Structure formats: C-alpha cells, structure tokens
Chemist: 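Take a look at this one; I'll ask things after.
Given the structure is predicted, the values throughout are model-derived calculations rather than measurements.
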Amino acid sequence: MVAHARAGALAGAALLLTGLLAGCGGGTDDKPDDRADRDTASSADGPSTAPSGQPGTPRLPAALTSQRLDWKGCEARAGESAPGSEWRCTTVRVPLDYTKPGGETIGIALIRKKAQNTSRRLGSMLFNFGGPGGSGVSILPRAAGSYGNLNSRYDLVGFDPRGVAGSEGVNCRTDKEQETAYRKVDMTPDTAAEETAFLKDGADFGAGCERRSGKVLRHVGTTNAARDMDLIREVLGDKKLTYFGISYGTELGGTYAHLFPANVGRTVLDAVVDPTADTIGHARNQATGFQRALENYLKDRGQDPKAGTQRIAKLLERIDKKPLPTRSGRELNESLAVTGIVTPLYSKSNWPFLTQALDEAEKSGTGNMLLQLADSYNGRDEKGHYDTQNHSQRAISCADSKLRPTADEARALLPEFRKLSPVFGPFLAWDTAGWCSQWPVQGEHDHPEASAPGAGPVLVVGTTGDPATPYEGARKMADELGKGVGIMLTNKGEGHGAYGGNTCVTSTVDAYFLDGMVPEDGKTCS
C-alpha cells in the first residue's frame with residue numbers, strides 16, 4: 001500500500017532498503033558475557049543540566065530511571081537469523097502512559113554492539129532508521145558494516161520504538177486480510193464503488209488495530225517515543241544523547257531536541273522530514289520529490305523526462321484496466337505497480353532494476369519484477385507472510401497527526417497532484433483520506449515541533465535528489481531547530497540518505513561524531 005506521506009510508507013522504504021541491501025555487519029573482538037550490565041561511562045558532551053523531568057514531562061520514578069539492564073545473547077526473530085555473538089539484547093521498561101509515570105509499564109527492545117576501542121569509548125549512539133515502524137533491533141545488525149568507524153568509539157544501540165516489533169508491536173490484520181486488501185482495494189478509486197471500498201478499507205484497518213492492539217494504540221506517538229529515548233539514555237548511563245536519525249528518525253530526533261534540548265548531544269539527522277508540513281503538505285512534498293527522482297532517472301537513461309513520465313503514466317492506466325499476469329499466479333494491479341516503481345527510486349544503484357521491471361511490463365506484458373519489488377516494499381515473503389511494519393507505521397502516523405482529510409478534500413487535490421506527478425500524484429492525493437480514515441485514536445498535532453533553543457549543534461543532512469524526504473525539508477528542519485542549533489549539510493546527489501553513499505558526507509559526519517568537529521553551516525558535498 002502506498003501510504004501516508006507524513007512519515008509513511010513512501011518514506012519508510014529507507015529502512016526496508018537498509019535491511020535488504022546493507023548486508024551483514026562486521027566482526028568484532030568484543031567478548032560479551034551474560035552479566036547484568038549498566039553503562040557508567042560519561043558521554044562525549046559533558047554533563048546534562050536537566051534530568052528526566054523536563055517541562056511537560058512528569059518526573060519518572062527511580063524504579064525506572066535506575067533500572068539495571070540484563071544484556072543477553074539475541075534470539076532469532078521470525079523469518080530472521082540471530083545476529084552474531086557480538087550483539088546483545090535486553091528490554092528497558094517505560095511508562096505506557098507518561099501522564100501516569102508510576103503506572104503500567106511496557107518493554108522497549110534494545111540491541112547493542114559495544115565500542116571496539118574501549119579505552120577511547122565516548123558512550124552510546126542510538127539509531128532510528130525510519131518508518132515510522134522500523135525495527136532497530138532487526139535493522140542495525142544488518143546495517144552495522146556502514147557504521148564501523150563510529151563503532152570504534154561508540155556502542156551502537158538500536159531499539160524498537162513503542163508499537164513496533166518487540167516493543168508491544170501493533171498488529172492489525174492477518175496475512176490473508178493484508179493480501180486481500182493489496183489485491184482488491186484500488187488506491188486511486190475511479191468509481192463510487194471503488195471509493196467506498198477504499199474508505200472502508202481504511203476504517204477496517206483502524207478497527208483491526210483497536211481490536212488487536214487497543215492497549216497501546218493511543219500511546220504510540222512520536223512524542224512518547226522521544227520520551228522513551230531519554231529514559232534509554234539515562235538507563236544506559238549517558239549524560240547526553242548521541243543520536244543518528246534517518247528518514248522518520250529525523251522527525252523523532254527533532255521532537256527529542258524540542259522536548260529535551262539540554263540533553264541533546266552529538267546528533268545527526270539524515271534524509272530529513274519537513275517539520276513544518278501537515279498531512280497534505282507531506283503528500284505534496286513527496287509528489288514533488290518522487291517526480292523529481294523519476295525525472296532524474298529518465299535523464300540518466302537518456303530519455304526525455306516529460307515523455308518518459310507520460311509513458312509510465314499510460315502504462316499504469318492500462319494496468320488499472322487490466323492487471324498484468326505473473327508466474328506466481330498473482331496479478332500485478334495498478335497499486336502494486338506504483339509501489340514497485342517507487343522502491344528502486346530510493347537509491348541510484350537500484351535504478352537498473354527499475355529499467356528491467358518497466359521493460360518487462362511494457363514489452364512482455366508481465367509484472368513479475370514489479371510485483372517482486374512491491375512485495376519487498378510491503379514486507380511480504382515468498383510464503384505470503386507479511387511483517388507488521390505497515391501496521392506500526394500507520395498507528396504511529398495517525399496517533400501523531402490531527403488532520404483527517406475527507407474524500408471530498410482528497411478529490412479536490414487531484415488536479416494539483418496530477419500536475420505535480422502524473423505517476424505518483426493521484427496515489428498520494430487519495431492517500432491523505434484513506435490512511436487515517438475513521439481512525440479510533442485522535443491525533444496529537446498538525447505537525448511536530450522541533451524548535452530547540454539551547455540545544456547543542458544538530459547536523460542536518462539533505463540530499464538534493466532525495467525522493468521521499470525532499471531536500472527542502474532539511475533546510476526547514478535546520479531553521480526550525482534554531483540559529484546555532486541546526487547546522488545544514490547539503491549532499492548534491494540522488495537517493496534517500498547520504499551517509500555511507502557520499503565520501504564527503506560520511507567523513508564530515510564521522511569527524512563530528514568522533515572528534516566534535518562541527519562543519520560550517522551550509523557546507524556542500526558533491
């Protein structure tokens with residue numbers, strides 16, 4: 001399903017591609033053990049001036065802030081191999097409801113790989129790879145090879161945010177229900193019957209979430225996840241939070257900086273969500289960003305961008321009328337075809353897959369490769385089992401956003417969005433109405449607050465050709481964080497996220513994290 005643009009499935013492919021393409025993490029000489037282990041080393045950034053009780057955040061009881069973590073070997077999750085012995089896992093307890101800090105608690109799953117150079121250890125580095133709904137416990141071990149320099153002096157720590165996977169993960173549908181929705185629901189309805197089914201699907205999804213995960217559903221928003229991060233920081237023994245946020249992880253990082261400016265340590269936000277945009281604004285941003293990426297792809301292939309776009313749009317129209325067959329027996333409908341086109345646009349290295357998939361659809365009249373790309377994006381394995389990342393993603397997005405556009409409002413957006421992108425615009429316009437249709441939980445705000453006066457410098461990395469979180473959002477995040485806080489770093493390039501793909505960006509970020517070298521605001525890497 002092409003999902004809500006605020007921080008939804010289009011942006012969420014970053015974490016998916018990280019998991020699929022990053023490979024295995026490197027080895028280590030660590031010799032972990034099973035003893036209870038609570039870090040006491042200081043952070044690289046000096047003492048915190050404020051404990052867990054920030055304004056608007058009730059002070060937490062000592063039973064939570066002083067809890068000791070029992071790090072043990074990590075178990076394999078369904079469909080995954082267990083990470084190597086250098087990785088250790090544990091659970092930290094956090095309040096279910098932060099307005100009742102002494103009440104019921106839930107567990108937040110953590111994973112850690114210790115710093116390799118223990119004599120020069122700087123502290124812990126917490127990661128969020130995006131979504132919302134991405135499992136840091138699953139992704140970090142697969143992506144860790146990209147962070148080897150940082151692991152020399154930092155413990156790498158991943159977590160499943162509340163409502164995700166091992167942290168009271170939200171579950172809304174069975175595999176069969178998910179498959180039926182992908183097969184039967186038209187995400188760009190053309191008739192009254194299709195529109196009714198589209199809106200009903202959104203309402204049914206929310207009802208399923210409430211039925212299966214009602215206890216946590218109203219507590220899974222980004223603000224609570226940021227509060228969890230501060231408790232994790234305190235329990236790990238770090239005086240300030242060192243943080244690396246990617247895609248939705250930048251929104252989470254901006255929210256943390258706003259809530260806990262005095263606790264902000266070295267922080268990098270890469271592939272930045274625009275903090276000033278509401279639901280419709282994010283859909284508009286993504287229509288612009290994905291169309292820009294598609295045109296860059298077409299230019300790279302020596303094709304006229306306008307003509308190439310129209311050709312792909314006409315292909316989608318044909319698929320809408322008559323889905324393409326595949327060797328699996330499943331059909332490739334228009335919605336799945338758009339998802340398959342979206343997936344390889346996240347990285348220039350994957351553009352050849354898009355060429356192969358489009359060639360197959362246009363010349364052979366079959367949709368095998370586009371369906372395979374869509375399945376990988378949607379978290380479907382070869383046996384037809386779906387992961388629940390989409391469930392968590394929608395629950396977190398709808399808990400965050402107050403805006404609930406109607407079908408009439410979505411329909412009114414269509415002319416503008418078709419002009420922005422004939423390929424992606426209609427899906428993103430309609431999705432504003434379908435994503436949180438009749439959601440059982442009221443949203444928290446129109447858009448997140450990221451102002452962080454008094455915080456340490458936050459490095460904000462924007463890529464000019466980013467499809468999912470367009471470059472303009474990074475500048476807005478830097479401005480929202482405030483003068484002297486948001487430090488802008490521009491990557492002139494393609495793809496969703498710059499670290500590890502651009503040598504200049506990678507060395508700049510490493511120098512900041514490892515040596516405290518803050519680059520000049522406005523630095524450009526190409």
Chemist: Using a 4.5 Å cut-off on heavy atoms from C-beta on, say whether the side chain of L345 contacts that of W351.
Modeler: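 Side-chain contact under 4.5 Å: yes.
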Chemist: Going through the checks in order, is the side chain to side chain contact (heavy atoms under 4.5 Å, CB included) test met by T255 and E449?
Modeler: CA-CA 6 Å; T255 299; E449 178 61 65; over 6 Å; no
Chemist: Can you confirm whether I246 sits close enough to N128 that some side-chain heavy atom of one is under 4.5 Å from a side-chain heavy atom of the other?
Modeler: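 Sidechains of N128 and I246: no contact.
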Chemist: Check the pair E331, T326 against side-chain hydrogen bond (donor to acceptor under 3.5 Å, both in side chains), reporting the backbone distance first and the verdict last.
Modeler: CA-CA 6 Å; E331 290 185 325; T326 71; over 6 Å; no
Chemist: Mind checking the OG1-CE spacing from T339 to M187? Nearest 0.5 Å is all I need.
Modeler: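 One gets 8.0 Å once the value is rounded to the nearest 0.5 Å.
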Chemist: Which distance, rounded to the nearest 0.5 Å, do you find between the CG of D446 and the CG of D400?
Modeler: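 The CG atom of D400 is 12.0 Å from CG of D446, to the nearest 0.5 Å.
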Chemist: Is it the case that D160 and S135 place a side-chain donor and acceptor less than 3.5 Å from each other?
Modeler: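 Present: a donor and an acceptor within the cut-off.
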Chemist: As an exercise, state the distance from CD1 of I319 to CG of L336, rounded to the nearest 0.5 Å.
Modeler: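 Separation between the atoms: 10.0 Å.
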Chemist: Shortest non-hydrogen contact from P132 to S397?
Modeler: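 Nearest pair, atom of P132 first, then S397: CG-OG, 3.7 Å.
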Chemist: Please identify which of these residues, L126, L241, V157, T242, meets the side-chain contact (heavy atoms from CB on, under 4.5 Å) condition with R233.
Modeler: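 The residue from L126, L241, V157, T242 that satisfies side-chain contact (heavy atoms from CB on, under 4.5 Å) with R233 turns out to be L241.
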Chemist: Which residues pass the salt bridge (charged side-chain N to carboxylate O under 4.0 Å, His left out) test with K200, not counting sequence neighbours?
Modeler: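 In terms of salt bridge (charged side-chain N to carboxylate O under 4.0 Å, His left out), with neighbours along the sequence ignored, K200 is linked to D204.
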Chemist: Do the side-chain N and O atoms of N390 and S392 include a donor-acceptor pair separated by under 3.5 angstrom?
Modeler: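 No, because no side-chain N or O of N390 sits under 3.5 Å from a partner of the opposite role on S392.
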Chemist: Indicate whether the side chain of T490 and that of Y471 have a donor and an acceptor atom separated by less than 3.5 Å.
Modeler: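 Yes, because at least one side-chain N or O of T490 sits under 3.5 Å from a partner of the opposite role on Y471.
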Chemist: Please name the residue in the list F424, F427, F417, Y297 that meets the ring-ring contact (aromatic ring centres under 6.0 Å, His included) test with F290.
Modeler: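 Looking at F424, F427, F417, Y297, the match for F290 under the ring-ring contact (aromatic ring centres under 6.0 Å, His included) is F424.
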Chemist: Write down the atom of Y512, the atom of R266, and the distance for their closest heavy-atom approach.
Modeler: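 Shortest heavy-atom separation between Y512 and R266 comes out as OH-CA, 3.3 Å.
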Chemist: Is the shortest side-chain heavy-atom distance between P141 and I111 below 4.5 Å?
Modeler: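 A side-chain contact exists here, since the closest heavy-atom pair is under 4.5 Å.
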Chemist: Taking ring-ring contact (aromatic ring centres under 6.0 Å, His included) as the test, write out the residues that go with W430, two or more places apart.
Modeler: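 Residues passing ring-ring contact (aromatic ring centres under 6.0 Å, His included) with W430: F198.
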Chemist: Would you call K476-D274 a salt bridge at under 4.0 Å N-O?
Modeler: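 D274 and K476: salt-bridged.
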Chemist: Assess the residue pair L294 and V423 against the criterion (side chain to side chain contact (heavy atoms under 4.5 Å, CB included)); give the C-alpha distance rounded to whole Å, side-chain angles, the decisive distance to 0.1 Å, and a yes or no.
Modeler: CA-CA 9 Å; L294 181 63; V423 172; 3.9 Å; yes
Chemist: Working note: E295 + Q291, criterion side-chain hydrogen bond (donor to acceptor under 3.5 Å, both in side chains); need CA distance, chi angles, decisive distance, verdict.
Modeler: CA-CA 6 Å; E295 291 179 2; Q291 182 60 33; 3.0 Å; yes
Chemist: If you count heavy atoms of other groups shown closer than 6.0 angstrom to CZ of R218, is the number above 12?
Modeler: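 Check fails, neighbour count at 12 or below.
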Chemist: Could you please spell out the steps behind the side chain to side chain contact (heavy atoms under 4.5 Å, CB included) verdict for Y499 and V268?
Modeler: CA-CA 10 Å; Y499 185 88; V268 170; over 6 Å; no
Chemist: Tell me if the CD atom of Q303 is crowded by more than 12 foreign heavy atoms within 6.0 Å.
Modeler: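 It does: Q303 CD has more than 12 such atoms within range.
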Chemist: Check salt bridge (charged side-chain N to carboxylate O under 4.0 Å, His left out) between E472 and all other residues, then give those that pass, not counting sequence neighbours.
Modeler: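 R292.
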Chemist: Do L298 and R301 come close enough that some side-chain heavy atom pair is under 4.5 Å?
Modeler: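 Answer no - side chains too far apart.
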Chemist: My understanding is that only residues two or more places apart in sequence, or in another chain, count here; which of them pass salt bridge (charged side-chain N to carboxylate O under 4.0 Å, His left out) with R173?
Modeler: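 Result, salt bridge (charged side-chain N to carboxylate O under 4.0 Å, His left out) vs R173: D201.
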Chemist: Any side-chain heavy-atom pair from D190 and D320 closer than 4.5 angstrom?
Modeler: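 Side chain of D190 against side chain of D320, heavy atoms only: contact under 4.5 Å found.
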Chemist: Kindly give the heavy-atom pair with the smallest separation between S526 and N502, and that separation in Å.
Modeler: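 Heavy atoms only, the tightest pair is O-ND2, 3.7 Å.
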Chemist: The criterion is ring-ring contact (aromatic ring centres under 6.0 Å, His included); which residues satisfy it with F127, sequence neighbours excluded?
Modeler: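 With neighbours one apart ignored, the set is F129, Y147, F244.
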Chemist: Hey, mind stepping through S347 and H496 against side-chain hydrogen bond (donor to acceptor under 3.5 Å, both in side chains) and telling me if it holds?
Modeler: CA-CA 6 Å; S347 172; H496 188 49; over 6 Å; no
Chemist: Over all heavy atoms of both residues, which pair between V505 and A498 is shortest? Give the atoms and the distance, please.
Modeler: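 So the two residues come closest at CG1-CB, 3.8 Å.
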Chemist: Holding to salt bridge (charged side-chain N to carboxylate O under 4.0 Å, His left out), I want the full list of residues that pass it with E362, two or more places apart in sequence or in another chain.
Modeler: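 Salt bridge (charged side-chain N to carboxylate O under 4.0 Å, His left out) list for E362, sorted by chain: R311.
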Chemist: Is a salt bridge present between R380 and E179, judged by a nitrogen-to-oxygen distance below 4.0 Å?
Modeler: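 A salt bridge is present here (some side-chain N lies under 4.0 Å from a carboxylate O).
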Chemist: To the nearest 0.5 Å, what is the distance between OG on S335 and CG on L316?
Modeler: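 With rounding to 0.5 Å, OG (S335) is 9.5 Å from CG (L316).
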Chemist: Filter on salt bridge (Lys or Arg N to Asp or Glu O under 4.0 Å), then keep only pairs touching residues 332-359, sequence neighbours left out; what's left?
Modeler: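 Non-adjacent pairs meeting salt bridge (Lys or Arg N to Asp or Glu O under 4.0 Å): D300-K348.
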Chemist: Shortest non-hydrogen contact from A410 to A429?
Modeler: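 Shortest heavy-atom separation between A410 and A429 comes out as CB-O, 3.4 Å.
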Chemist: Here's a test for you: under side chain to side chain donor-acceptor pair (under 3.5 Å), which of T464, T463, T469 qualifies with D466?
Modeler: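 Testing D466 for a side chain to side chain donor-acceptor pair (under 3.5 Å) against T464, T463, T469 leaves exactly one candidate, T469.
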Chemist: Less than 4.5 Å apart, any side-chain heavy atom of C209 and any of W439?
Modeler: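 C209 vs W439: side chains touch.
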Chemist: Please list all pairs passing the salt bridge (Lys or Arg N to Asp or Glu O under 4.0 Å) test where one or both residues lie in residues 516-526, with sequence neighbours left out.
Modeler: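 Matches after skipping sequence neighbours: none remain.
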Chemist: Quick check for you: to the nearest 0.5 Å, what is the distance between T288 atom OG1 and R284 atom CZ?
Modeler: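 Taking OG1 in T288 and CZ in R284, the distance rounds to 8.5 Å.
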Chemist: Can you run down the disulfide bond (SG atoms under 2.5 Å apart) pairs that involve residues 466-526, sequence neighbours left out, and say none if there aren't any?
Modeler: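 Of all non-adjacent pairs touching residues 466-526, those that pass disulfide bond (SG atoms under 2.5 Å apart) are C504-C525.
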Chemist: Ignoring hydrogens, what is the shortest heavy-atom contact between P161 and G134? Give both atom names and the distance.
Modeler: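 Heavy atoms of P161 and G134 come nearest at CD-O, 3.7 Å.
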Chemist: Taking only residues at least two apart or on different chains, which pairs with a member in residues 386-405 satisfy ring-ring contact (aromatic ring centres under 6.0 Å, His included)?
Modeler: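 Sorted pair list: Y182-Y386, F205-H391.
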Chemist: For side chain to side chain contact (heavy atoms under 4.5 Å, CB included), just list the numbers for L514 and Y154, CA-CA rounded to whole Å, side-chain angles, deciding distance to a tenth of an Å, and then say yes or no.
Modeler: CA-CA 9 Å; L514 296 173; Y154 285 102; 4.1 Å; yes
Chemist: Are L489 and T508 side-chain neighbours, meaning at least one heavy-atom pair lies under 4.5 Å?
Modeler: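 SC-SC contact between L489 and T508 confirmed.
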Chemist: Name all pairs fulfilling the salt bridge (Lys or Arg N to Asp or Glu O under 4.0 Å) condition that reach into residues 403-413, sequence neighbours left out, sorted by first residue then second.
Modeler: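 Checked against salt bridge (Lys or Arg N to Asp or Glu O under 4.0 Å) - neighbours excluded - the pairs reaching residues 403-413 are E195-R411, D408-R411.
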Chemist: Less than 4.5 Å apart, side chain to side chain, heavy atoms only: is that true for T343 and N350?
Modeler: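 Side-chain contact under 4.5 Å: no.
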Chemist: Once side chain to side chain contact (heavy atoms under 4.5 Å, CB included) is applied, do any residues pair with T267, and if so which ones, sequence neighbours excluded?
Modeler: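 Expected list: Y243, V264, L269, V458.
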Chemist: Please report the interatomic distance NE2(H282) to CG(L428), rounded to the nearest 0.5 Å.
Modeler: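 That separation rounds to 12.5 Å.
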